[in-house]
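For reference, the structure discussed in these notes is given below.
Source: prediction; values computed, not measured. Remember, it's 1-based here, ligands and their atoms both numbered in the order they're listed.
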Amino acid sequence: MKPASIRKYRPFPAVSLPDRQWPNRIIDHAPRWCSVDLRDGNQALPQPMTVEEKLEFFDVLVRVGFKEIEVGFPSAADTEFNFLRRLIDENRIPEDVTIQVLVQTREHLIRRTFEAIAGARRAIVHIYNSTSPLQRRVTFGNASQDEIREIAAAGARLVKELVPSVPQTEVVLQYSPESFSDTELDFALECCNAVIDIWQPTPERKMIINLPDTVQWTTPNVHADMIEWMCRHLNRRDSLHVSLHTHNDRGTGTAATELGLMAGADRVEGTLFGNGERTGNLDIVNVALNLNSHGIATGLDFSDLPSLRAVYERVTRMSIPSRHPYVGELVFTAFSGSHQDAIKKGFDRRERELRDDPEVPWGVPYLTIDPQDVGRSYEAIIRINSQSGKGGVAYVLDHEHGFDLPKTMHPQVGQYIYGQADALSRELTNDEIRELFLQKFVNLESPMTLIDFEPSPGETKGEVACRATVRIGDQIFEGGGRGNGPINAFVHFLAEVGQKNFNVVDYRSHALRGGSDADSAAYVQLRRQDDGRLIWGCGVDSSIEMAGLRAVVSAWNLIHGEN
Ligand code: KIV
Ligand code: ZN
C-alpha cells in the first residue's frame, strides 16, 4: 500500500495475559467438529445450492463423519426451511448426527426456527447477535452495551420458553457473540454470561459458547489469548463446549483454530476446503489432516479427497486452487531437481525399511503425509520441466514405466530429458518422458543395426562363441567372436570387424515392470577410447540376451553420435 493508504489503519490491541498457558500446550486429541458448509458456506455462494444439491452435500458430510451439521438458517428463506423439513420428514438424519440451525436473536425468527426443527430427534439451536463496538456503532446506530446484552438475553429467554414446544426434540443450545473477534473481551464475556445464566447448563447438559473470529483483524496468537481469557472467565466452564469459528481474512484461519484449541476450546466449526464468506471459513479438511499428520485420529474420513473435491466443486461451483493444502493439484508435486532427488530417495528407503518394519513412521522429504492416505497417487508426485533434475526423470521412468536405470545413468538421461523440456518451454507428461527416453536411448539402430546374432557353446566351460552380422551405414560386417558371455562375444566380434573403439564398463538388466511380461531391459555403459567419455545405452527385448546386445548397440550408436 501507499503510505497515504497505510495511515488509514491502526494496530490491533494485544490482550493482557502475562501468564498465558496456551503456548506451552500441545494438541493431543481432536475437537468436536461441526460443518457449517450448508449455512455459512452456502450463504456465501454466488449461486447457492439447490435443495437437491444440499441433500447430496448433507449425505457427503455424513459419510465423512460429521456428527454435527449446521443445515441452514431456516427462518431466513423458504428454501432453507423446506430443505430442513425434507431432512426431518424424509428421515434422512442418521441417529448419531445432530443438525444445527442458526438464527438471529429476533423473536419472529426464533419462533419460525422452532417450527422448522419440530420432529427432529436432536437439534442445536444456535442464536447470535453482533457485539463489537464497530457493529454497535455502525449497524445498530450507536446501541449501548446494555442494549446489545439485552438483545442476547431476550433471545435466550425466548429460546428457553420455546424448548418445551418441541417435545420430541432434544434441544442443545448455542450462543455466539457475533464479531467476537473485535469485541471488548469483558463485554463479550458479559453477553455470554448473560445467556449462560438464563440457560443454566450443567455438566450433564452442556451448552455451546461459540466465539467467532467473524472477521480476522489480528494475528492468531491474539486470537488464542482471547480464547484462553474467555475460557478462564466464562461462568460454568465445566458446563460449556467452547467452540471456535474462524474465518480467513488474514489467511490464518487454520493457525487461529490450532492456537485456539491450544488455548482451551473444544469444538471447531468450519467448512470443507474453506468455503465461506469473503476469504472463507476455516478449512476443516486442513485442520483435520494436520492432526492426522501428527498421528491424531479425528473421526473424519478424508481418505478420498479427489472424490470429495469433485462433489464439492460441482455443487458449490467453486474451484480449489492448485496450491491448496492437501487437495490442490500441485501439492504432492515437486518440480525442483533437488526435491525430486530427495523424494525418490525417500520412497526407495521407505520401501526397504517397510520390509523390516511395517509400522515404520512416515519420513519422505518434502511430503508431510503419504499422498495415498488421502487418495492421491504417487504418479502425480513428480513432474518434469526444465527445472527438474536427474532424480525426477529416473523416478518417473521407474515408477511409471518400469525402467530401473542404473544410478550412474541418471545424469545422462536426466540432462537430456530436461533439456527437451527447456527447449519446449513447458512441462513434460509422463508419457512424453517415456517416448523421449525410448527414442534417445533404447534399441537404437543407426548408424549400426544388429542384423543377426547366433550364439553357440565355446571351447572352454562358460565360454560363448557367436556369429554376428551388423550393418553400419551401407556396409555389412559379418564375423565371429568369443567371450565369457554373449555380450563379451559380441564385443570381440566388433573388435574383429574393426568397430571396437570402446571398453565395456558396466552392465545391468532386469525384467521390465509394466511392459509385456516377457520383456527385459538391459543397460550397458561404454567408455570411448579416444576421450574416455562414458555413455549408457539401453536395450529392450523379450530375450534378456538380446536386450544386452541391443544395449551395446545403442551405446555404440550414441558414441558415434547420430542420436
Ligand atoms: O462468522 C460468524 O460470526 C458467524 C456467526 C453467525 C456464528 O457465522
Ligand atoms: Zn461465519
Side-chain angles (χ1 to χ4, degrees), residues 31-45 48 66 68-77 80 99-106 109-110 113 123-136 138-140 148 151-152 155-156 159 172-185 187-188 191-192 195 207-218 220 223 226-227 230 240-254 256-257 260 265-284 286-287 316 318:
R32 294 155 60 113
W33 306 102
C34 176
S35 151
V36 295
D37 290 84
L38 296 169
R39 194 277 302 174
D40 221 347
N42 188 49
Q43 82 186 33
L45 294 175
F66 284 100
E68 294 178 7
I69 302 176
E70 194 169 81
V71 289
F73 205 142
S75 61
E80 301 271 296
I99 49 157
Q100 174 166 314
V101 285
L102 181 77
V103 59
Q104 281 169 3
T105 46
R106 294 170 65 186
L109 300 179
I110 293 176
T113 302
I124 301 170
V125 173
H126 175 191
I127 62 168
Y128 75 95
N129 66 312
S130 202
T131 53
S132 71
L134 184 60
Q135 293 273 8
R136 296 192 314 254
V138 176
T139 318
F140 295 97
I148 294 290
I151 292 175
V159 165
V172 179
L173 302 172
Q174 172 166 344
Y175 171 67
S176 291
E178 198 233 27
S179 62
F180 166 77
S181 45
D182 57 326
T183 299
E184 311 88 327
L185 278 177
F187 182 56
C191 293
C192 291
V195 174
M207 63 168 276
I208 300 164
I209 286 288
N210 187 47
L211 300 173
D213 202 9
T214 306
V215 179
Q216 286 199 313
W217 298 102
T218 187
H223 177 254
M226 293 169 77
I227 300 296
M230 289 295 286
L240 307 175
H241 295 294
V242 173
S243 175
L244 304 173
H245 177 113
T246 64
H247 280 263
N248 202 32
D249 299 82
R250 296 169 62 91
T252 54
T254 295
T257 299
D266 23 45
R267 181 179 186 268
V268 165
E269 293 190 350
T271 58
L272 299 187
F273 311 123
N275 182 35
E277 292 285 6
R278 310 179 307 281
T279 50
N281 284 59
L282 167 76
D283 176 0
I284 281 195
N286 195 166
V287 175
T316 63
M318 290 277 117

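- Looking at Asp40 against ligand 1, only its side chain comes within 4.0 Å, counting heavy atoms.
- Thr113 approaches Val101 most closely through the heavy-atom pair CG2-CG2, 3.6 Å.
- Of the angles at the Zn ion (ligand 2), the one spanning OD2 of Asp40 and NE2 of His245 is 90° when given to 10°.
- Ligand 1 has an N or O atom lying under 3.5 Å from an N or O atom of Arg39, backbone or side chain.
- Closest to atom 4 (C) of ligand 1 among all protein heavy atoms lies His245 NE2, 3.5 Å.
- Looking only at heavy atoms of the protein, atom 5 (C) of ligand 1 is closest to Glu178 CG, 3.9 Å.
- Asn286 and Thr254 share a side-chain donor-acceptor pair at under 3.5 Å.
- Taking backbone and side chain together, Glu269 holds no N, O or S atom under 2.8 Å from the Zn ion (ligand 2).
- Polar contact check, Ser179 against ligand 1: no nitrogen or oxygen pair lies under 3.5 Å apart.
- A donor atom on one side chain and an acceptor atom on the other are not found under 3.5 Å apart for Asp213 and Thr246.
- Glu70 and Gln174 share no donor-acceptor pair across their side chains, judged by distance under 3.5 Å alone.
- Summary of contacts: the protein heavy atom closest to atom 1 (O) of ligand 1 is His247 NE2, 3.0 Å.
- Looking at atom 3 (O) of ligand 1, its nearest protein heavy atom turns out to be Thr214 OG1, 2.6 Å.
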